[in-house]
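Computed from heavy atoms alone, side chains included, the values below leave out hydrogens, waters and symmetry copies.
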Number of protein chains: 2
Amino acid sequence: MQIGDLSKRTGISIRMLRYYEEEGLLTPARRASGYRDYGKAEERIARRIRLLSEAGLKLDTIRFLLPCVLSDRPDFEPCPEVLATLRREVTGLDDKIDCLQSSRAILTGYLDRLG
Amino acid sequence: MQIGDLSKRTGISIRMLRYYEEEGLLTPARRASGYRDYGKAEERIARRIRLLSEAGLKLDTIRFLLPCVLSDRPDFEPCPEVLATLRREVTGLDDKIDCLQSSRAILTGYLDRLG
DNA sequence: CTTGACCCTCACATTGCTGTCAGACTGTAG
DNA sequence: CTACAGTCTGACAGCAATGTGAGGGTCAAG
C-alpha cells in the first residue's frame, strides 16, 4: 500500500506518516523505486501511534513504549524504566481524563441551564 | 494579590498569567506602580482558564466562551455562534475522552497482563 | 512518448504555548 | 541609604507537531 492510500485509510496526513518514520516509529518497506510500501501491520501501528499521540503522549514516549503498546501479551519483561514510564503515563492520562470531564461539565452545565 | 502570589496559589507560571492578559482573558487591576493586582475573582478565572486550556481548548476559544464559562447561571442568551462553539467543544471533549480512555486501556492492558 | 497523478527528499514556515533574559522600576526591611 | 526581592515590558528562543513548496523521479493509461 502506498503512502497516499494509507493516509486516506487512516486520516493521517502524508506529512505525518513520513514524520513518524523520521522519528523512528514506523518504518515501512521500500520498493525499488524508493516508494514506501505499507502493509496491514504498519497500518495498525500507524493507528495506534495516532491514538496515543492524540491522547497527548509525545512521540518520544510512544517510541519508547512501542514494543509494549504493540504486543497483545507480554512476551518479555520490560525494563524498570519502561515500566515506570508506563505507569507514569497512565496516571497522566487519569489526570487528563479528570480534567476533560471537569471541563466538559463546565460547558454542558451552562448549556443545560439554558434549555 | 501580586502576580507571584497568584502564581504560587494556582501553579500557573508568571509568564502564563501575563500571557493570559496579553490574550485578553484575564485583566487584573493595576496599582499606581503598574503592578498587577489580582483578586479572588481573577483567581477563579485563572483556574478556569487553566483547566480548559489543559483540556485542550485553545485560548482563542476560551476567550470566546469565557462569559458562559464564568457565569453559574445563564443571565443572557448567547448568540448562536457561541452556542455552536459550546456544542462543538463538548463533542470534541467527548471524542478526546474516548481517545484517552482507549489509550489508557492499551497501557494498563499491558501492565495488567504482566502481573 | 507524453501526460497526469503519485511519490521522493529537503528545507523552511507556522502554530501555540512556554521559557528566559535584559534593563529598568518598586517596595520593604534594616 | 542600601540591599534584596518582586515586578514591569519587550524581545528572542525553543519545542513538538504540522503545513507547504521546490525540484525531481515513478508509473500506469492512452
Side-chain angles (χ1 to χ4, degrees), chain A residues 1-39 42-43 45-66 85 89 92 96 99 103, chain B residues 1-39 42-43 45-66 85 89 92 95-96 99-100 103:
Chain A
M1 176 176 18
Q2 297 194 160
I3 197 169
D5 303 327
L6 182 58
S7 173
K8 273 164 204 148
R9 290 170 64 93
T10 60
I12 306 171
S13 73
I14 291 179
R15 176 69 174 88
M16 288 314 292
L17 289 171
R18 294 204 264 243
Y19 184 58
Y20 291 164
E21 180 171 0
E22 201 177 318
E23 293 294 302
L25 298 184
L26 183 58
T27 314
R30 295 292 186 124
R31 303 215 177 128
S33 60
Y35 281 24
R36 275 164 260 252
D37 196 1
Y38 299 89
E42 282 78 27
E43 178 171 344
I45 299 176
R47 289 185 192 279
R48 193 140 280 200
I49 293 171
R50 196 195 40 172
L51 182 68
L52 294 169
S53 167
E54 282 181 349
L57 276 74
K58 303 198 171 163
L59 293 192
D60 278 0
T61 310
I62 299 176
R63 182 186 332 106
F64 190 51
L65 297 181
L66 211 50
T85 305
E89 293 299 329
K96 207 154 188 179
C99 170
S103 296
Chain B
M1 172 174 26
Q2 297 195 159
I3 196 169
D5 304 326
L6 181 59
S7 173
K8 273 163 203 147
R9 290 169 65 92
T10 60
I12 305 172
S13 74
I14 292 179
R15 175 71 174 87
M16 288 314 292
L17 288 171
R18 294 205 263 242
Y19 184 59
Y20 291 165
E21 180 171 359
E22 201 178 318
E23 293 294 305
L25 297 184
L26 182 57
T27 313
R30 295 293 186 123
R31 301 209 179 133
S33 61
Y35 281 24
R36 274 163 261 250
D37 195 2
Y38 298 89
E42 280 78 26
E43 177 171 348
I45 299 177
R47 289 185 194 280
R48 194 141 278 200
I49 293 171
R50 194 194 41 173
L51 181 68
L52 294 169
S53 166
E54 281 180 351
L57 275 74
K58 304 198 171 160
L59 294 192
D60 278 359
T61 309
I62 299 176
R63 183 188 330 108
F64 189 52
L65 298 182
L66 210 49
T85 305
E89 292 300 329
D95 291 351
K96 207 154 188 177
C99 171
L100 293 214
S103 295

Exercise. Please report the closest heavy-atom contact between A:R50 and A:T10, naming both atoms and the distance.
Key: NH1-O, 2.9 Å
Quiz item: Tell me: OH of A:Y38 to P of C:dC6, nearest whole Å?
Solution: 16 Å
Quiz item: Between the side chain of B:D95 and the main-chain N/O of B:G92, is any donor-acceptor distance below 3.5 Å?
Solution: no
Quiz item: Where does the chain B footprint on DNA chain D start and end, counting 5' to 3' with a 4.0 Å heavy-atom cut-off?
Solution: D:dG6 to D:dT9
Quiz item: Can any side-chain N or O of A:S7 pair as donor or acceptor with the backbone N or O of A:I3 at less than 3.5 Å?
Solution: no
Quiz prompt | Donor-acceptor under 3.5 Å (B:R63 side chain, B:E23 main chain) | solution = yes
Exercise. Round to a whole Å and report the spacing from CG of A:L17 to P of C:dC7.
Key: 10 Å
Quiz item: Which pair of heavy atoms, one from B:C99 and one from A:L51, lies closest together, and at what distance?
Solution: SG-O, 3.4 Å
Exercise. Could you pull out all residues at least two apart from B:E43 that satisfy salt bridge (charged side-chain N to carboxylate O under 4.0 Å, His left out)?
Key: B:R9, B:K40, B:R47
Quiz item: Just by distance, do the side chain of A:D37 and the backbone of A:M1 share a donor-acceptor pair under 3.5 Å?
Solution: yes
Quiz item: For the pair made of CD1 in A:I14 and P in C:dC6, what is the distance, rounded to whole Å?
Solution: 9 Å
Quiz item: Is any NZ, NE, NH1 or NH2 atom of the basic residue among B:E21 and B:R36 found under 4.0 Å from an Asp or Glu carboxylate oxygen of the other?
Solution: yes
Self-check item: nucleotides 15-30 of chain C: protein proximity per nucleotide (B base, S sugar-phosphate only, - neither; heavy atom, under 4.0 Å)
Solution: -SSBBB-----BS---
